[in-house]
Amino acid sequence: MKKIQLDETTEDLETCKGSKDVEMTTADETTTSKHEEVEGDIENHKANNEILEAKSLLQIDHEVHRTENSSKIIANKPVQYAALCDVFEKLEEETGRLKNLAIASEFFCDILKRGVNQDVAEQNLIEVTYLMINRLGPDYEPDLELGLGETLLLKALAQSTGRELRHIKDDYHKAGDIGKVAQISRSRQPIMFKPKPLTIHQVFQNLAEVAKSTGNSSQSRKIGIINRMLAACAGQEAKFLMRSLEGKLRINFGEKSVLVALAKAFAEFECGTGNHSESEADLNALVRAQDQIKEAFAQTPNYEMIIHNCLKYGVGHVAEHCTLKPGIPVKPMLAKPTKSITEIMDTLQDRKFTCEYKYDGERAQVHLLPDGSMRVYSRNSENMTERYPDLIPVIDELRAKNPEIRSLILDSECVAWNLESHEILPFQILATRKRKEVQEKDIKVRVCLFVFDVLYFNGESIIQKPLNERREYLDKHVIEIPEKLQFATRLDSTSVDEMSAFLDQSVHDSCEGLMIKALFGKESHYEPSKRSKYWLKLKKDYLEGVGDSLDLVVIGGYIGKGKRTGWYGGFLLASYNQDTGEYESICKIGTGFSEELLASLTEQLKPKETPKPKPSYVYDKDNSNAEPDVWFEPSMVFEVKVADLTTSPLYKSGASYFGNRDKGISLRFPRFIQIRTDKATEDATSSEQIVEMYESQAVVQS
DNA sequence: GTAGGGTTGTCGC
DNA sequence: GTCAGACTTATTCGG
DNA sequence: CCGAATAAGTCTGACGCGACAACCCTAC
């Protein structure tokens, strides 16, 4: 059994955990996570894998057995998976956010009310919450990925239904949703005897089991678990089970909504039963609950801690007990894209603001813990410490330069750095760094941190101070280490001309563009997870008429999934090689279309389908991923906007102009702009031009 | 048995 | 990462 | 001053490239 630190007071946790062991079956091992102890006083036991494995699918029997023996446990009827699926179904049907909020919070509230005691309620709610956001634990916990996707799921379905894979695939193309295929297949299967209904606890535990299967023949083990679960599915369960496994619940209800629904549920739970009056006091409590939960989650993105503290202290006080602390990632603040400098001036008006280079690397939230250890978290709150062992000595050096630093959270961009030429390297180079078991001596691509914010310093959260004050902390306490840890280049100016020049300069210095941030007042506080209008990003390719725009030939199509069922969901594009008269694949495109256009494109291109690719199509014939679902006769030209050109292992555009015929060119962040009805396919951007564009960009970058 | 290529999944952008 | 679409919430406008 | 029309802000789910990691399978 494990202990976790949920807040600063842990003594009474001990006692409640003890009783939980009696009432719950195996909840502890499955849902509690290995929180990194912050101040170093908490033990950290590993989950007992052997017990977990043995228990996995025998769970139902276990629960029934216990029910017969203890009256106390009869009251603790496990929550049925079917009940959750009913909720999923309702959420999927309803598109109104407020209505969905009500549906979800009512369910959460029921879970809270039906628990025989607080621990049972807590455990049930945690599992339901995780199933609803389709995760198995906090973002920063490693090894919680299911490790299966479309392909494996289709295989599992074929196996469990005894149908041929290609029939399953046909169905999938028609339905656009693996869940629906599973549903239909299952309803067609004769059922010998009625299976025992699935419980939430069991589903959650089996998903964890899937995630935990690794190594030899792990894929067939995963399929085995899935098929045993499928066999126990009734009603809508198969559909949502498959969607959970695929990672696309499609219930119009994401993580942000789940948080608000939790707040609503707790508010109603606390204000008593059945009282749905809309009194002013209740409304205030609701608003407060939402604010508190959102704030708590932004600073401590861990549902277990939040739910625990809500029950313990009340929703109205969660935020006080889920505070920012080194060792737990903060949800990073995000920026809004802007189309022009004019737009920036409009939004910020006469406010003072600052411009910083927008570096092309990886977001890195660097934590220094009081015990001297450090962590690095990614944009999505994943623990990246293992990826950057070379940052440990950098932070050590930082502490050596200023021994007063005891604890710290920095926000920065981690960028590949050329130690010889003392220059920034492109993102594609950074991406080649290993991710796991990185030894410092093996690192080839060096890295420099460009720090732009500080959120925590020596035991104090400073996110609620204006940016100019946070910067004072930076300038005063954090000492730059050349080529290892530097401040983001900044310019405090309100002049349009200066900004424009600074933008050009940033691009010239291998950056993506600028970040523009308010400097003073409440607007300039660090708001975790918020895409604030006082944090703006300006990239050249956002500007109209600026940045790279290409005209490319549509040579293939992809069958749309989900809300694009029935249409093409994307297209394969090619540049035209004027020397050979061939069409060379360059990228897929799937964004920038209105639904109306997608429907019309489907209509227009359907007649152009051809069973085989034209002989003039150049694509990677050794890689099955290079083939679209359908090929077209060349007939249409798309104008496409792009952020960058990249070398590609898959696409062939311009390959013949390189010495190495293997590598062609592809596009970073391609999006559809319009159909070029005025252009014949031979008038498309030529492969030679593509190479020119790539090289002119490469000059700047190297 | 293992070495290496192909395929799939995950996670950066 | 980009983008569109559906809602919700804030703001402006006309009576 | 109020309600309707409009604008702005949020959230969700479509889809992009390419890198590593993990697994499977085949050849030796």
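Proteins get letters first, then strands, A, B, ... in listed order; numbering begins at 1 in each.
- For A:R671 and C:dC3, the shortest distance from a side-chain N or O to OP1 or OP2 is below 4.0 Å.
- Taking side-chain N and O atoms only, A:Q428 has a distance below 4.0 Å to OP1 or OP2 of D:dA19.
- In this structure, A:G570 reaches neither bases nor backbone, as no heavy-atom distance under 4.0 Å exists between it and the strands shown.
- Looking at A:R243, A:K563, A:K248 one by one, the single match for salt bridge (Lys or Arg N to Asp or Glu O under 4.0 Å) with A:D177 turns out to be A:R243.
- The environment of A:K537 atom NZ is dense: over 12 non-hydrogen atoms of other residues, nucleotides or ligands sit within 6.0 angstrom.
- Ring planes of A:Y617 and A:Y583: perpendicular class, angle over 60° (limits at 30 and 60°).
- Using a 4.0 Å heavy-atom distance criterion, A:N216 is classed as a sugar-phosphate-only contact.
- Remark: A:T591 is not in phosphate contact with C:dA4, judged by side-chain N or O atoms under 4.0 Å from OP1 or OP2.
- A centroid separation of 6.0 Å or more is found between the aromatic rings of A:W535 and A:F353.
- Residue-level contact check: A:P649 touches the backbone only, with heavy atoms under 4.0 Å from sugar-phosphate atoms and none from bases.
- For A:K533, a side-chain nitrogen or oxygen approaches OP1 or OP2 of D:dG9 to under 4.0 Å.
- Checking A:L146 against A:Y359, the closest nucleotide of DNA chain B that is more toward the 5' end is the one next to A:L146.
- Taking the centre and axis of the six-membered ring of A:Y619, the NZ or CZ atom of A:K621 falls inside the cone set by 45° and 6.0 Å.
- A sub-4.0 Å separation between OP1 or OP2 of D:dC20 and a side-chain N or O of A:K434 is absent.
- Between A:S594 and the phosphate of C:dA4, there is no side-chain N or O to OP1/OP2 separation shorter than 4.0 Å.
- A donor atom on one side chain and an acceptor atom on the other are not found under 3.5 Å apart for A:S218 and A:S213.
- Between A:K537 and C:dT2 there is a side-chain N or O to OP1 or OP2 distance below 4.0 Å.
- Under 4.0 angstrom from either OP1 or OP2 of D:dT12 there lies no side-chain N or O belonging to A:K563.
- Using a 4.0 Å heavy-atom criterion, one finds that A:L667 contacts the sugar-phosphate atoms exclusively.
- For A:K336 and D:dT10, the shortest distance from a side-chain N or O to OP1 or OP2 is below 4.0 Å.
- Toward the 5' end of DNA chain D, the nearer of the two residues A:I589 and A:R97, judged by each one's closest nucleotide, is A:R97.
- First and last contacting nucleotides of DNA chain B toward chain A (any atom under 4.0 angstrom from a heavy atom, 5' to 3' order): B:dT7 to B:dC13.
- For the pair A:Y542 and C:dT2, the criterion of a side-chain N or O lying under 4.0 Å from OP1 or OP2 is met.
- Along DNA chain B, the nucleotide closest to A:F669 and the one closest to A:S624 are compared, and the more 5′ of them pairs with A:S624.
- Contact annotation: A:Y651 reaches the phosphate of D:dC17 (side-chain N/O to OP1 or OP2, under 4.0 Å).
- Among the protein residues, A:K530 comes within range of the sugar-phosphate backbone only, with heavy atoms under 4.0 Å from sugar or phosphate atoms but none that close to a base.
- Contact between the side-chain N/O atoms of A:R435 and the OP1/OP2 oxygens of D:dA22 is not found at any separation under 4.0 Å.
- Comparing A:I586 and A:S213 along DNA chain D, the residue whose closest nucleotide (by nearest heavy atom) sits nearer the 5' end is A:I586.
- Taking only side-chain nitrogens and oxygens, A:S648 comes nearer than 4.0 Å to OP1 or OP2 of D:dG18.
- Taking NZ of A:K222 as the start and CG of A:L146 as the end, the distance is 7.0 Å to the nearest 0.5 Å.
- Out of D:dG16, C:dG1, C:dT9, the shortest distance to the side chain of A:R379 is found at C:dG1.
- Figure legend: A:K588 and A:Y558 shown as a cation-pi pair, the cationic atom lying under 6.0 angstrom from the six-membered ring centre and within 45 degrees of its axis.
- Listed nucleotides: D:dC20, C:dG5, D:dA14. Nearest to the side chain of A:T432: D:dC20.
- Using cut-offs of 30° and 60° for the angle between ring planes, the A:F571 and A:F638 rings count as perpendicular.
- Closest to the side chain of A:S666, out of D:dC15, C:dG5, D:dG18, is D:dG18.
- Across all strands shown, A:K99 has no heavy atoms under 4.0 Å from either base or sugar-phosphate atoms.
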